[in-house]
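Following: one structure in structure tokens, then a few remarks.
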Amino acid sequence: MAVEGGIRCVKYLLFLFNFIFWICGLALIVVGILVQIALHDNLSITNAAASVGPIILIVVGVVIFFIAFCGCCGAWKENYCMVTTFAVLLFLIILVEIGVAIAGYIFRGHIKEMVQENLTVMLTKYNNTEEIQKTVDRMQKDLKCCGANSSKDWIDFRADKKSVPDSCCVNITVGCGVGHMNDPVRVHQQGCHTAVEELLEENLLWIIIAAVVIAVIQILGVVFSCLLMKGIRSGYEVM
């Protein structure tokens, strides 16, 4: 027996919601991937905790695709079991996303310490590992900075104690950093610590916003599901 009246309207609203839910899943995947790329393009993370938030977002986004399919089918066919399954899974996803938001907020307090630690390690190993060398050069070039706290962090870069990597230069050319560590016209004097810290805080803020906003939208989905479940059950009882 098909649902009627206001419950039929809820049915179509739930179907529409699942399309929005699918878009939300795609948004979570995109945000998670972008944050993960930003983290590893600008900083070689030795602390695995930094990647937890983005990875959880990507996983949740993929799971959402399957849940949205279940919700669409359940709403369209007015299948009580599928709608119930959808509501339960959606509620669990909301709990996970709230957890991600809380973890992201807590993690913000450890950013400064993590950035300082990783930058120091990267500068120390600059001449030993090609991968780290490329990462540091890209970071200094993109963020227009030099060293961890200042260009003086490169004092042991060469024997003359006055040279920095070419990626520190305002106008990058081969050998532009040789002998110009303290020249603000040729070399960026500001360290990368502040720039990287701001980048990570911005990305974590987007994770928190994405998780909270989508969780609020999903709460409406749970409400619609419960209303439809009640309508479907009422129809069975009439039959």
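Just so it is clear, the model here is predicted, and its values are computed rather than measured.
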Handout entry: Cluster overlap Tyr126 with Val178, hydrophobic side-chain contacts below 4.5 Å
Key = no
Exercise for the section: Find out if a path of hydrophobic residues (ILVMFWY) with successive side-chain heavy-atom gaps under 4.5 Å connects Val187 to Ile172. Expected result: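 Each belongs to a different hydrophobic cluster.
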With a 4.5 Å heavy-atom cut-off, do [X] and [Y] have their side chains touching?
| X | Y | result |
| --- | --- | --- |
| Val196 | Leu143 | yes |
| Met139 | Leu119 | yes |
| Lys162 | Asn182 | no |

Exercise for the section: Can you tell me which residue pairs pass the salt bridge (Lys or Arg N to Asp or Glu O under 4.0 Å) test with a partner in residues 171-183, sequence neighbours excluded? Expected result: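 Output for this query lists Asp183-Arg186.
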Handout entry: Pairs involving residues 61-71, ordered by first then second residue, that meet salt bridge (Lys or Arg N to Asp or Glu O under 4.0 Å) (sequence neighbours left out)
Key =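 Pairs touching residues 61-71 that pass the test: none.
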Counterpart residues, side chain to side chain donor-acceptor pair (under 3.5 Å), relative to [X] (two or more places apart):
| X | value |
| --- | --- |
| Gln190 | none |
| Lys152 | none |
| Ser167 | Asp137, Gln140 |
| Ser225 | none |

Handout entry: Donor-acceptor pair, side chain of Asp166 and main chain of Cys176, under 3.5 angstrom
Key = yes
Exercise for the section: Over all heavy atoms of both residues, which pair between Gln189 and Met181 is shortest? Give the atoms and the distance, please. Expected result: NE2-O, 3.0 Å
Handout entry: Taking every non-hydrogen atom, the tightest pair across Phe157 and Asn127
Key =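 The pair with the smallest heavy-atom distance is CE1-OD1, 3.7 Å.
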Exercise for the section: For side-chain contact (heavy atoms from CB on, under 4.5 Å), just list the numbers for Ile219 and Ile94, CA-CA rounded to whole Å, side-chain angles, deciding distance to a tenth of an Å, and then say yes or no. Expected result: CA-CA 8 Å; Ile219 289 174; Ile94 291 173; 3.9 Å; yes
Exercise for the section: Any pair with a residue in residues 120-154 that passes disulfide bond (SG atoms under 2.5 Å apart), sequence neighbours left out, goes on the list, sorted by first then second residue, please. Expected result: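 Found Cys145-Cys192, Cys146-Cys168.
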Between atom [atom1] of [X] and atom [atom2] of [Y], what is the distance when rounded to the nearest 0.5 Å?
| X | Y | atom1 | atom2 | value |
| --- | --- | --- | --- | --- |
| Thr120 | His193 | OG1 | NE2 | 8.5 Å |
| Lys134 | Glu130 | NZ | CD | 4.0 Å |
| Asn118 | Thr135 | CG | OG1 | 11.5 Å |

Exercise for the section: Taking atom CG of Asp160 as the centre, report whether more than 12 heavy atoms of other residues, nucleotides or ligands fall under 6.0 Å from it. Expected result: yes
Run the side chain to side chain contact (heavy atoms under 4.5 Å, CB included) test against [X] and tell me which residues pass, sequence neighbours left out.
| X | result |
| --- | --- |
| Met82 | Cys70, Cys73, Asn79 |
| Leu123 | Ala148, Asp153, Trp154 |
| Ile29 | Ile33, Val62, Phe65 |

Practice task
Could you tell me which residues satisfy salt bridge (Lys or Arg N to Asp or Glu O under 4.0 Å) with Lys161, sequence neighbours excluded, listed by chain and number?
Solution key: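 Residues passing salt bridge (Lys or Arg N to Asp or Glu O under 4.0 Å) with Lys161: Asp156.
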Practice task
Any ring pair (Phe, Tyr, Trp, His ring centres under 6.0 Å) involving residues 160-190? Give me the pairs, sequence neighbours left out, ordered by first then second residue.
Solution key: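 Listed by first then second residue: nothing to list.
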